[in-house]
Amino acid sequence: CWAKGGAKRRIWRKIHIGIDEETLEVWTGEVTSSNIGDAPVLPDLGNQIPPDQDLGGATAVGAYDTRKCHEAIAARDAYAVIPPRKNAKLWKPTSAGAIARNDAVNAQRYLGCTLWRHWSGYHRQSRIENKMHCMKLLGQSLMARDFERQVAEIQIRIAVLNRYTVLGIPVTEPVG
């Protein structure tokens, strides 16, 4: 997503969201500038969910395959479904996050990438991508010029999407 800045320059913003897998409502959201990577944001997204709320699991793309991300997910007693990077090396099993990540690396080596994605349920990550697509349907660019107002504009979009989600989502069932 990008926002208009002064003097016809574009400032790129990154939107990070976390959704509830069952209701498809956006639970967490974070807006950063484009010079901040994806992985440092994940612990902040997890902290936005109340500690008494059961997290269950977290599914993310390979950019989140870092120690801090795995530790943040394991600290919430949740399982991580994050594809290990190509040629991933095993980590020293000193923490719950490292042990879970090593299990994913070993499973991917044994099953192969395609079977691991099917076996682990990684396909659920596409629901987040779909929600981001819906957010972009509300407008590709932001109208606000300063960062705080851009954050407010994105929060409004999230509230609108959640309202649409509450009204009803299509129920799909596999055929054949």
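Placement of L137 and L167 in two distinct hydrophobic clusters is found when ILVMFWY residues are connected by side-chain heavy-atom separations under 4.5 Å, directly or transitively.
For the residue pair K92 and R67, the shortest heavy atom distance occurs at N-NH2, 4.3 Å. Shortest non-hydrogen contact noted between H70 and Y64 is CD2-O, 4.4 Å.
Residues satisfying the side-chain hydrogen bond (donor to acceptor under 3.5 Å, both in side chains) test with E129, not counting sequence neighbours, are Q125. For E25, the side-chain contact (heavy atoms from CB on, under 4.5 Å) partners two or more places apart in sequence, or in a different chain, are T23, N162, T165, V166. Scored by the salt bridge (charged side-chain N to carboxylate O under 4.0 Å, His left out) test, R127 finds E21 as partners (sequence neighbours excluded). Evaluation of the side-chain hydrogen bond (donor to acceptor under 3.5 Å, both in side chains) rule for N35 yields S33 as partners, not counting sequence neighbours.
Rounding to the nearest 0.5 Å places CD1 of I154 at 11.5 Å from CG of L161. Here the CG atom belonging to N130 is positioned 12.0 Å from the CE atom belonging to M135, to the nearest 0.5 angstrom. Here the straight-line distance linking atom CZ of R85 with atom CD of Q108 works out to 12.5 Å at 0.5 Å rounding.
With a 4.5 Å cut-off on side-chain heavy atoms, I36 and H16 do not count as touching.
Counting heavy atoms of neighbouring residues, nucleotides and ligands inside a 6.0 Å radius, atom CZ of F147 exceeds 12 of them.
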Please table the atom pairs, donor to acceptor, closer than 3.5 Å between any side-chain atom in residues 95-107 and protein atoms at least two apart or in another chain.
from : atom 1 : to   : atom 2 : distance (Å)
S95  : OG     : E71  : OE1    : 3.2
S95  : OG     : E71  : OE2    : 2.3
S95  : OG     : A98  : N      : 3.4
R101 : NE     : D65  : OD1    : 3.1
R101 : NH1    : K89  : O      : 2.6
R101 : NH2    : D65  : OD2    : 3.0
N102 : OD1    : W91  : N      : 2.8
N102 : ND2    : W91  : O      : 2.7
N102 : ND2    : A98  : O      : 3.4
N106 : ND2    : N102 : O      : 3.3

Please table the atom pairs, donor to acceptor, closer than 3.5 Å between any side-chain atom in residues 74-84 and protein atoms at least two apart or in another chain.
from : atom 1 : to   : atom 2 : distance (Å)
R76  : NH1    : G46  : O      : 2.8
R76  : NH1    : I49  : O      : 3.3
R76  : NH2    : P50  : O      : 3.0
R76  : NH2    : Q53  : O      : 3.1
Y79  : OH     : R124 : NH1    : 3.3

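Salt bridge absent: R149 and E153 never bring a charged side-chain N and a carboxylate O closer than 4.0 Å.
C69 pairs with exactly one of V41, L42, D38, L45 by the side chain to side chain contact (heavy atoms under 4.5 Å, CB included) rule, that one being L42.
K131 contributes a side-chain N or O that, together with a main-chain N or O of L24, makes up a donor-acceptor pair within less than 3.5 Å. Using a distance-only test at 3.5 Å, with no hydrogens or angles considered, no donor-acceptor pair links the side chain of Q48 to the main chain of W27.
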